[in-house]
Amino acid sequence: MLRAGTAVACVACRSLASPRMGVRFRVPLQKLHPLSRALHHCYSAPPCPAHRTAARYFSSLSRPLLRPRRVPPGGGHSYQQQRSFWVARLAARLLKLRYILLGSAVGGGYTAKKTFDEWKDMLPDLSEYSWVVPDFVWELNEHFDLEKIANALPDLEELAKLMPDLEKVGENFAFLKTLLSNESTGEPTFKATDSQGSESSEKQFKKTTDKEKADQLQEELLRTQMKYQRMLERLEKENKELRKVVLQKDDKGIHQRKVKKSLIDMYSEVLDILSDYDSNYNTQDHLPRVVVVGDQSSGKTSVLEMIAQARIFPRGSGEMMTRSPVKVTLSEGPHHVAMFKDSSREFDLSKEEDLAALRHEIELRMHKSVKEGKTVSPETISLSVKGPGIQRMVLVDLPGVISTVTTGMAADTKEAIFSMSKAYMQNPNAIILCIQDGSVDAERSIVTDLVSQMDPQGKRTIFVLTKVDLAEKNLASPGRIQQIVEGKLFPMKALGYFAVVTGKGSSNESIDSIKDYEEDFFQNSKLLKNGMLKAHQVTTKNLSLAVSDCFWKMVRESVEQQADAFKASRFNLETEWKNNYPRLRELDRNELFEKAKNEILDEVISLSQVTPKHWEAILQKKLWERVSTHVIENIYLPAAQTMNSGTFNTTVDIKLKQWTDKQLPHKALEVAWETLQEEFARFMAEYKGKDQDDIFDKLKEAVKDESIKRHKWNERAMDSLRVIQHNALEDRSITDKPQWDAAIQFMEETLQTRLKDTDSVIGDMVGPDWRQRWMNWTNRTPEQHVRNETKNELERLLKLHEDHTAYLANDEVTTVRKNLEARGVEVDPVLIKDTWHQLYRRHFLQKALFHCNLCRRGFYYYQRHFVDSELECNDVVLFWRIQRMLGITANTLRQQLTNTEVRRLEKNVKEVLEDFGEDTEKKVHLITGRRVQLAEDLKKVREIQEKLEAFIEALHKEK
């Protein structure tokens with residue numbers, strides 16, 4: 001191939017570069033930088049016409065014209081002369097034929113060499129893709145001796161001997177030219193022949209119009225571009241297969257070296273940490289990522305799937321599927337797999353079952369992240385996709401922009417999507433991938449206005465027009481597509497414009513079939529043939545290359561500035577900690593939780609150190625407090641109203657049996673469970689000492705409540721406890737005097753307590769007496785005055801009838817009411833009965849206490865079964881039976897507590913702590929305070945800075 005300004009080596013080649021054709025040569029497109037080739041700014045200079053750029057490719061129109069014929073001098077005399085020397089003419093022609101064949105061979109060889117050099121220059125410069133080759137390939141010289149391999153190859157001198165001698169070829173070509181120009185014998189015949197051929201060629205050339213030339217050259221240019229595109233794809237496919245084999249061998253440990261994280265994985269980890277970091281020092285996240293925005297159902301998800309080379313996202317026909325941001329980290333690997341950030345499961349993207357499971361998992365996570373009453377969520381789902389030939393970058397797929405809130409959506413859905421999109425796009429280093437549906441009217445676009453607000457100059461926006469196949473089919477004026485990709489239709493500006501096809505609309509299409517369909521469409525599309533679209537502006541492959549180049553360019557320009565910002569934030573946080581908490585270690589929330597966990601477990605273990613005596617004393621006391629009212633009111637008092645000892649014992653036995661069968665075991669277990677709770681709370685409260693941190697109070701209280709809530713007493717113990725209590729209450733044998741005295745004391749204390757409570761109730765009913773009224777300057781209320789008069793009247797009745805029954809007869813009530821009315825006191829019969837109940841109760845308790853004192857010396861009569869004795873102490877025996885039952889029950893409950901329930905409670909506490917440890921929100925709620933938040937920020941900022949520095953170091957090494 002010849003370039004403008006170079007010397008023409010031969011006549012045939014010089015005719016190709018004839019100045020009449022007006023050909024200007026430019027640098028081949030394949031030699032440009034991939035980013036420069038892919039990005040086309042709308043304000044750049046208009047390209048040269050298509051027929052000019054294709055002029056350097058040989059075609060039927062570029063053959064050299066034959067030399068014009070010259071009329072020999074002499075006319076007919078020359079014929080006579082030629083006829084006279086026919087032998088010489090024949091010999092000369094034979095010699096000419098030999099030289100013509102020799103010259104053609106030499107010229108053809110030289111031309112072939114020049115063509116080979118030009119084609120070699122047209123091949124793309126693959127040095128820009130050196131990063132595709134992994135590090136261990138460059139380290140192969142450690143395992144192979146490259147010098148021996150180089151020595152085994154032939155020398156350049158030997159290879160040069162096989163090439164033709166260009167100097168001799170040039171000399172022969174010059175000699176042939178001189179010979180042909182100086183020959184006079186056979187010149188007229190050949191000139192006549194050349195002239196005839198030239199005339200016929202000129203006639204044929206005149207018939208061809210300039211438009212046909214341009215069409216032919218355009219078609220030839222497209223064929224050549226598609227040919228090189230297929231060659232490049234074949235080479236990339238072979239390279240991908242080779243890299244896959246090498247990476248698989250490396251995974252098996254052939255190279256025996258430590259596997260390092262890839263550059264994109266290191267960068268993705270930094271972004272994951274930043275997504276959870278809430279800065280209080282205005283350290284904003286300005287690290288680059290590719291933000292994918294577009295109207296709903298514009299094809300955003302399909303474009304991402306083509307870039308990721310897998311159908312990984314849930315799909316729906318016309319409904320909103322993307323409900324939360326999805327961060328996808330794309331990188332190269334030996335296998336096509338996907339993995340979530342918080343999961344160890346790998347989804348094999350080459351299997352349809354795993355693809356369906358991945359789509360289902362993404363959909364579940366989206367619905368889980370959406371709070372009740374909302375439609376979209378700002379919570380980011382982090383996903384990584386690896387595979388052979390995938391371009392390295394980080395993309396964030398956002399919910400599609402909508403114009404109307406439909407039924408079933410939250411009222412603020414439109415505003416929530418707008419604010420979420422703006423939050424991602426306002427990052428000055430974010431690359432905006434604006435997706436526009438080409439099959440709908442451009443005037444219906446919403447996202448373009450939003451993008452133009454966030455990036456008015458278009459310095460970090462890449463525009464993608466999807467569904468171009470439908471657009472070409474439906475649009476009456478295909479020129480609108482050209483206006484869109486040239487940036488002349490929408491008010492927004494962009495760094496580059498692309499047109500893609502992402503399938504026929506079926507969700508069952510595979511990525512390979514979509515790629516084939518896209519390639520076939522653009523190969524036969526009039527948009528490309530007519531020059532409305534450029535070859536570098538079409539296909540998702542070119543798009544992914546351009547986006548990846550933009551992404552890494554932005555990363556290299558901004559990452560060090562972000563690292564410096566986090567370094568300054570770290571200094572501020574460390575300074576605040578030193579000034580406010582100089583003597584405390586920097587413990588973050590997880591470390592504080594572990595410390596509190598150990599303290600709580602120590603407190604639970606302390607329950608096993610409680611002595612049996614302490615357990616039984618507490619249990620017996622609390623159990624009697626719980627059942628004493630029932631024993632006095634429902635068992636003792638009704639039995640004491642009987643006339644003889646036989647009836648008393650019969651009544652007591654019946655009521656004790658009923659009580660044991662229905663209520664007593666339940667009450668005992670309730671008392672034991674409450675005692676365990678109180679002792680657990682007491683130990684946790686007493687554990688607070690000099691070194692106790694009050695930051696754990698809220699957590700300990702929550703652990704205690706949750707553990708008690710989960711703990712359930714062993715119900716099987718109730719049946720055995722019922723039998724034990726029943727046997728204890730049936731035993732009436734008091735063996736010695738100390739037991740008798742203990743029963744007397746227990747009965748006396750119980751009756752005195754009840755008497756004191758009754759006096760208090762009566763005092764509240766009748767009001768203060770004369771001494772209290774004098775000392776405290778208080779008076780009785782009218783009701784208290786009536787009750788006091790009623791009390792005095794009923795006390796006179798009791799003095800007259802000390803053995804009165806527990807209930808007043810109706811005539812007695814009438815007599816009391818009339819006596820009070822005679823003194824001017826109006827009283828209700830119900831009030832008379834209520835007052836009588838309390839007075840008789842006090843009267844009975846006083847008599848019972850007196851009887852109790854008499855029975856102190858009654859143990860002798862008890863041993864003789866009260867034979868020949870007027871003293872009967874059956875009530876003392878009842879209280880002894882109750883007291884013995886309380887002791888045996890307390891002992892049984894203590895054994896169950898120490899042997900079973902304390903251990904079960906300890907197990908519950910451990911389970912609660914484990915559940916709280918896995919619940920991040922619970923820990924944030926229970927462990928709070930500026931100290932905790934400051935330690936958390938310090939940890940995050942240090943981690944971000946360290947990972948950024950490691951990433952920057954690896955980035956410099958890759959350069």
Side-chain angles (χ1 to χ4, degrees), residues 261 263 265-289 327 341 378-380 382 394 423-424 426-430 554-599 688-700 916-917 919-956:
K261 288 184 178 180
L263 199 62
D265 289 336
M266 297 171 65
Y267 185 76
S268 180
E269 285 184 0
V270 176
L271 295 182
D272 288 336
I273 299 172
L274 282 173
S275 64
D276 301 331
Y277 175 62
D278 182 15
S279 175
N280 294 324
Y281 286 87
N282 298 323
T283 307
Q284 299 178 0
D285 175 15
H286 287 167
L287 288 176
R289 70 262 285 160
K327 182 177 77 67
K341 177 187 72 172
E379 184 177 341
T380 304
S382 184
V394 177
Y424 276 90
Q426 69 183 2
N427 178 359
N429 297 320
M554 192 73 75
V555 168
R556 290 185 176 93
E557 291 176 353
S558 60
V559 67
E560 293 187 359
Q561 181 181 0
Q562 285 293 297
D564 293 338
F566 280 102
K567 186 176 181 181
S569 178
R570 175 179 176 177
F571 174 79
N572 294 337
L573 293 172
E574 289 177 345
T575 302
E576 182 180 355
W577 184 275
K578 290 178 182 178
N579 292 331
N580 295 327
Y581 313 103
R583 297 185 180 181
L584 295 177
R585 288 190 302 131
E586 297 175 7
L587 299 179
D588 60 15
R589 185 171 281 108
N590 292 330
E591 293 170 338
L592 287 171
F593 180 81
E594 290 299 323
K595 182 180 178 182
K597 178 179 177 181
N598 294 330
E599 290 185 5
K688 285 188 176 183
K690 189 174 182 180
D691 298 332
Q692 178 67 21
D693 198 339
D694 56 359
I695 204 172
F696 301 143
D697 292 348
K698 197 172 182 180
L699 173 63
K700 290 184 177 181
F916 284 6
D919 192 344
T920 304
E921 294 182 359
K922 183 74 73 174
K923 288 191 291 186
V924 171
H925 176 68
L926 296 176
I927 305 178
T928 59
R930 179 56 189 164
R931 167 186 158 195
V932 182
Q933 190 61 44
L934 187 59
E936 285 284 309
D937 292 345
L938 268 172
K939 178 185 176 182
K940 287 289 181 65
V941 169
R942 287 196 185 105
E943 186 178 7
I944 293 170
Q945 184 186 359
E946 291 172 359
K947 289 187 178 295
L948 275 177
E949 291 175 352
F951 171 75
I952 292 171
E953 182 180 358
L955 187 65
H956 289 328

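Below, all heavy atoms of this structure are taken into account, side chains as well, without hydrogens, waters or symmetry copies. Just so you know, residue 1 is the first one in the sequence shown, and it goes up from there. Here the structure is a predicted model, which means the values were calculated and not measured.
Proximity of H925 to K698: side-chain heavy atoms (C-beta onward) are separated by under 4.5 Å at one or more points. At a threshold of 4.5 Å between non-hydrogen side-chain atoms, the residues L592 and K923 do not count as touching. In this structure, R930 and Y581 have side chains that are in contact, with non-hydrogen atoms separated by less than 4.5 Å. The side-chain heavy atoms of K597 and F916, taken from C-beta on, include no pair separated by under 4.5 Å. At a threshold of 4.5 Å between non-hydrogen side-chain atoms, the residues L287 and N429 do not count as touching.
F951 contributes atom CZ, which lies 10.5 Å from atom CD of E560 (distance to the nearest 0.5 angstrom). One finds the NZ atom of K939 at 5.0 Å from the CG atom of N590 (value rounded to the nearest 0.5 Å). Remark: L926 CG to D697 CG distance equals 11.5 Å, nearest 0.5 Å. To the nearest 0.5 Å, atoms NE2 (H956) and CZ (R556) are separated by 10.5 Å. Distance CG/N580 to CZ/R931: 12.0 Å, rounded to 0.5 Å. A distance of 12.5 Å separates CG in N579 from CH2 in W577, rounded to the nearest 0.5 Å.
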message = Evaluate N427 against R289 for side chain to side chain contact (heavy atoms under 4.5 Å, CB included), listing each step before the verdict.
response = CA-CA 9 Å; N427 178 359; R289 70 262 285 160; 3.5 Å; yes
Starting from the C-alpha separation in whole Å, work towards a yes-or-no answer on side chain to side chain contact (heavy atoms under 4.5 Å, CB included) for Y424 and T380.
-> CA-CA 12 Å; Y424 276 90; T380 304; 3.1 Å; yes
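Distance alone, capped at 3.5 Å, is enough to place a donor-acceptor pair between the Y267 side chain and the P288 backbone. Distance alone, capped at 3.5 Å, places no donor-acceptor pair between the R589 side chain and the E936 backbone.
The two atoms that bring V932 and T928 nearest to each other are CG2-O, 3.6 Å, heavy atoms only. Contact detail for A596 and L699: the closest heavy-atom pair is CB-CD2, 3.5 Å.
Side chains of K341 and S268: a donor-acceptor N/O pair is absent below 3.5 angstrom, by distance only. Judged purely by distance below 3.5 Å, without hydrogens or angles, the side chains of Q933 and D937 pair a donor atom with an acceptor atom.
Each of E949, E943, K947 was compared with Q945 under the side chain to side chain donor-acceptor pair (under 3.5 Å) criterion, and only E949 meets it. Of the listed residues (T920, V924, D919), just one forms a side-chain contact (heavy atoms from CB on, under 4.5 Å) with K922, and that residue is D919.
Within 6.0 Å of CD in E594 there are more than 12 heavy atoms belonging to other residues, nucleotides or ligands.
For the pair R942 and E574, the salt-bridge criterion is met [side-chain N within less than 4.0 Å of a carboxylate O].
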